[in-house]
Amino acid sequence: MLSTKIENKQFQLLFDASSIPNRARLMSASSNLAASWLSVIPSPGLNLHLDKAEFQTALKWWLGIDMFGGSRQAGVGGQMEAGSGLGHDEWRTQPADVLVPNWDLGKPAAFDLTVASPLNQSILNEACVTAGSSARVSEQRKHASNDVKCSELGWSCIPLAVETYGCWGAEARLHLSRLASRLAARLNCSKSHATSTLYGRLNLVQVRANARALLSRAYDVGSDIPA
């Protein structure tokens, strides 16, 4: 379609004119279903909503707008601003955030959620070329840390790695696809609907956490807070 060609051209022009960190942001944020949080119907009753300050902050962060102004002099580095400070859970030692007793052929699965920033210096050059690079490295790290422990317990180690801008790792996409199939069968809806709903809710929760972390930092450094 013509509109798709125009959008692709505009994206390429924006990408070519961007810095390396912004290229990494664009690659992650433009990945499949990363923006699904924007289609979630707000529901305070289900805790699926953003207040005004959270929504404004999330959009600015998503678009790469500097929300701290001159606050870099107050000790807030650009790398931390862009990445929101999330994505560091190396201190954790348990091999599972969620243990599913019967996941694959009756074998329990240890789902371990990890959030990674594509703006980390160690992966930045790769992340600005390939979406999901940071998530892939996080998956590998989780396997290195937890495979032996999970094997001893008779569990499958399944890292669910997601980047701060919403790009999910390959293993997460595989198992979330399986979960969407089960949801579709249980709810009698299409798999595509179940998939968009699942990703939308998961990404909304993450975006809200990012927004709250950024708002907290803005309070700490005395930046303007959205009214």
Side-chain angles (χ1 to χ4, degrees), residues 3-4 6-72 74 76-88 113 115-120 124 127-128 131-135 161-168 172 195-227:
S3 60
T4 301
I6 293 174
E7 289 173 359
N8 289 341
K9 181 62 175 179
Q10 290 176 331
F11 178 85
Q12 192 60 50
L13 290 172
L14 175 62
F15 185 85
D16 291 343
S18 297
S19 63
I20 289 179
N22 269 323
R23 289 183 180 186
R25 174 183 61 82
L26 288 168
M27 290 299 297
S28 186
S30 63
S31 62
N32 187 37
L33 294 173
S36 57
W37 64 278
L38 291 167
S39 64
V40 176
I41 299 174
S43 175
L46 295 175
N47 198 26
L48 295 173
H49 69 291
L50 302 172
D51 64 28
K52 182 179 179 180
E54 291 168 349
F55 184 68
Q56 291 180 353
T57 300
L59 282 181
K60 289 181 178 179
W61 162 76
W62 188 262
L63 295 172
I65 298 173
D66 182 10
M67 291 171 289
F68 293 89
S71 63
R72 289 184 179 86
V76 181
Q79 185 67 34
M80 292 182 65
E81 293 171 23
S84 80
L86 299 180
H88 301 282
L113 180 64
V115 182
S117 173
L119 304 183
N120 286 338
L124 186 58
C128 73
S133 297
S134 185
V162 59
E163 295 181 354
T164 48
Y165 289 98
C167 181
W168 289 80
T195 299
S196 62
T197 299
L198 179 61
Y199 275 91
R201 294 187 176 195
L202 289 172
N203 285 348
L204 178 64
V205 171
Q206 184 198 16
V207 165
R208 183 171 58 204
N210 286 344
R212 288 176 177 176
L214 289 165
L215 284 169
S216 175
R217 182 168 300 139
Y219 278 112
D220 290 341
V221 301
S223 296
D224 292 335
I225 306 297

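Note: hydrogens, waters and symmetry copies are ignored here, and every other heavy atom, side chains too, is used. All of these numbers come straight from a predicted model, not from anything done at the bench.
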Mind checking whether [X] and [Y] have side chains closer than 4.5 Å, heavy atoms only?
| X | Y | value |
| --- | --- | --- |
| I65 | L59 | no |
| R208 | N47 | yes |
| Y199 | N32 | no |

Looking only at heavy atoms, what is the nearest atom pair of [X] and [Y], with distance?
| X | Y | answer |
| --- | --- | --- |
| A29 | A34 | O-CB, 3.5 Å |
| A161 | A135 | CB-O, 3.5 Å |
| S196 | S36 | O-CB, 4.4 Å |
| G166 | W168 | O-CD1, 3.3 Å |
| V162 | L113 | CG1-CD1, 4.3 Å |

Apply side chain to side chain contact (heavy atoms under 4.5 Å, CB included) to R201 and V205, showing your working.
CA-CA 6 Å; R201 294 187 176 195; V205 171; 5.7 Å; no
Looking only at side chains, do Q12 and D16 share a donor and an acceptor under 3.5 Å apart?
yes
Dump the intermediate steps for side chain to side chain contact (heavy atoms under 4.5 Å, CB included) on M27 and Y165, then the final yes or no.
CA-CA 9 Å; M27 290 299 297; Y165 289 98; over 6 Å; no
Is it the case that the side chain of [X] and the backbone of [Y] share a donor-acceptor pair, with hydrogens and angles ignored and the cut-off at 3.5 Å?
| X | Y | answer |
| --- | --- | --- |
| S31 | A131 | no |
| S134 | S117 | yes |
| E54 | V207 | no |
| N210 | T164 | yes |

Atom CD1 of residue position I41 - does it have more than 12 heavy atoms of other residues, nucleotides or ligands inside 6.0 Å?
no
Should we say atom CG of L14 is surrounded by more than 12 heavy atoms from elsewhere, each under 6.0 Å from it?
yes
Interatomic distance, S30 atom OG to N8 atom CG [nearest 0.5 angstrom]
10.0 Å
How far does OG1 of T57 sit from CH2 of W62, to the nearest 0.5 angstrom?
15.0 Å
Determine which pairs satisfy side-chain hydrogen bond (donor to acceptor under 3.5 Å, both in side chains) with at least one residue from residues 37-46, sequence neighbours left out, and list them in order.
none
What ring-ring contact (aromatic ring centres under 6.0 Å, His included) pairs are there with at least one residue in residues 38-60, not counting sequence neighbours?
none
Can you check side chain to side chain contact (heavy atoms under 4.5 Å, CB included) on L204 and L50, steps first, answer last?
CA-CA 8 Å; L204 178 64; L50 302 172; 3.9 Å; yes
